[in-house]
Amino acid sequence: MSDVSPTTLRVETRDDGAAFVTLARALVHNAIDDVMIAELTAVLVRLDATAAVRMVVLAAEGKSFSAGADLGWMKRMAGYGMAENLADAQSLADLMKVLNGLSKPTIARVQGAAYGGGVGLIACCDIAVASETAVFSLSEVRLGLIPAVISPYVIAAMGARAARRWFLTAERFDAAEARRQGLVHQVVAAERLDDAVEALLAGLRQGAPGAQAAAKDLIGAVANQPVSELLIADTARRIALLRVADEGREGISAFLEKRAPSWGV
């Protein structure tokens, strides 16, 4: 990433290892355009490579988390040919891949409405906590489009059966329904949202950074796979590697000695 500060985001890195990335286009309900896509991708890549950063919170300012695609961006895309549209879609797909594959724990702090690509951003985060006033919609079909590049992550979160309804009807649904469908993990009163995020961060700080990265990789390797001899051997190898690693030895020693491990101090 260049030294130029992003224009669509605010980035704050705290001494406790938490980095807050805030969508900062409140006047347009944090709608996603090509500039935000490029800036958010670059920021996430940089934070993932920063050793001092242990956790990333994706937040938004204003009333909405994200209204999805920016209208001006959509107008430009309507005038593009196939090759330009493909490149444009690929950039959004790359952003979702980067967020979903971040090696560090990610939390979506959802304070307001999330539509289309905004739902995709939430689904790509490891943990999502939402205000009880938040609303959601996968609204693409009402524009003659489909939630294509976000679909692997939204379907992984909500399941194919739920997607059959919400992708096709483009209905709005509330935070309680989003939790029931698996899109968000926790719903709290608006005034408790920051407290809920801080509680999650405190819990995450108790985990070993390397083990958390390995756990995320494990989920990707095991999810939706048959329990084959190859998979069993792979999982055995993964735990054996961590047991002999410095972090694993430190964690076990700390537990036996009834002290805090080095990363939890």
- Item | Distance, nearest 0.5 Å, that separates OG of Ser262 from CD of Glu250 | 4.0 Å
- Message: Would you compute the distance between atom CD1 of Ile107 and atom CG of Asp126 and round it to the nearest 0.5 angstrom?
- Response: 8.5 Å
- Message: In terms of relative ring orientation, are Phe136 and Phe173 parallel, tilted or perpendicular, with 30° and 60° separating the classes?
- Response: parallel
- Message: Just to verify, which of Asp33, Asp88, Asp34 counts as forming a side chain to side chain donor-acceptor pair (under 3.5 Å) with Trp73?
- Response: Asp88
- Are a donor atom and an acceptor atom from the side chains of Ser64 and Asn30 found within less than 3.5 Å of each other? no
- Message: For the CD1 atom of Ile127 and the CD1 atom of Ile122, what is their distance to the nearest 0.5 Å?
- Response: 14.0 Å
- Message: Between Arg10 and Glu39, is the salt bridge (Lys or Arg N to Asp or Glu O under 4.0 Å) condition met? List the steps.
- Response: CA-CA 10 Å; Arg10 289 189 292 103; Glu39 291 184 344; over 6 Å; no
- Query: Where do Ala163 and Ile155 come nearest, in terms of heavy atoms and distance?
  - Reply: CB-CG1, 3.9 Å
- Mind listing the closest non-hydrogen atom pair of Val184 and Ala130 along with its distance? CG1-CB, 4.2 Å
- Nearest heavy-atom contact between Met158 and Trp166 is CE-CD1, 3.5 Å
- Could Arg109 and Asp194 be called an ion pair, given the rule that one side-chain N must be under 4.0 Å from one carboxylate O? yes
- What's the verdict on salt bridge (Lys or Arg N to Asp or Glu O under 4.0 Å) for Arg76 and Glu84, showing C-alpha distance, side-chain angles and the deciding distance? CA-CA 10 Å; Arg76 294 198 304 274; Glu84 292 171 307; over 6 Å; no
- Message: Within the 4.5 Å heavy-atom criterion, are Arg243 and Ile239 side-chain neighbours or not?
- Response: yes
- Does the side chain of Val43 reach to within under 4.5 Å of the side chain of Leu9, using non-hydrogen atoms? yes
Can you give each donor-acceptor pair under 3.5 Å made by side-chain atoms of residues 139-149, sequence neighbours left out, with the distance rounded to 0.1 Å?
| residue | atom | partner | partner atom | Å |
| --- | --- | --- | --- | --- |
| Arg142 | NE | Thr169 | O | 3.4 |
| Arg142 | NH2 | Thr169 | O | 3.1 |

- Query: Would you call Arg249-Asp246 a salt bridge at under 4.0 Å N-O?
  - Reply: no
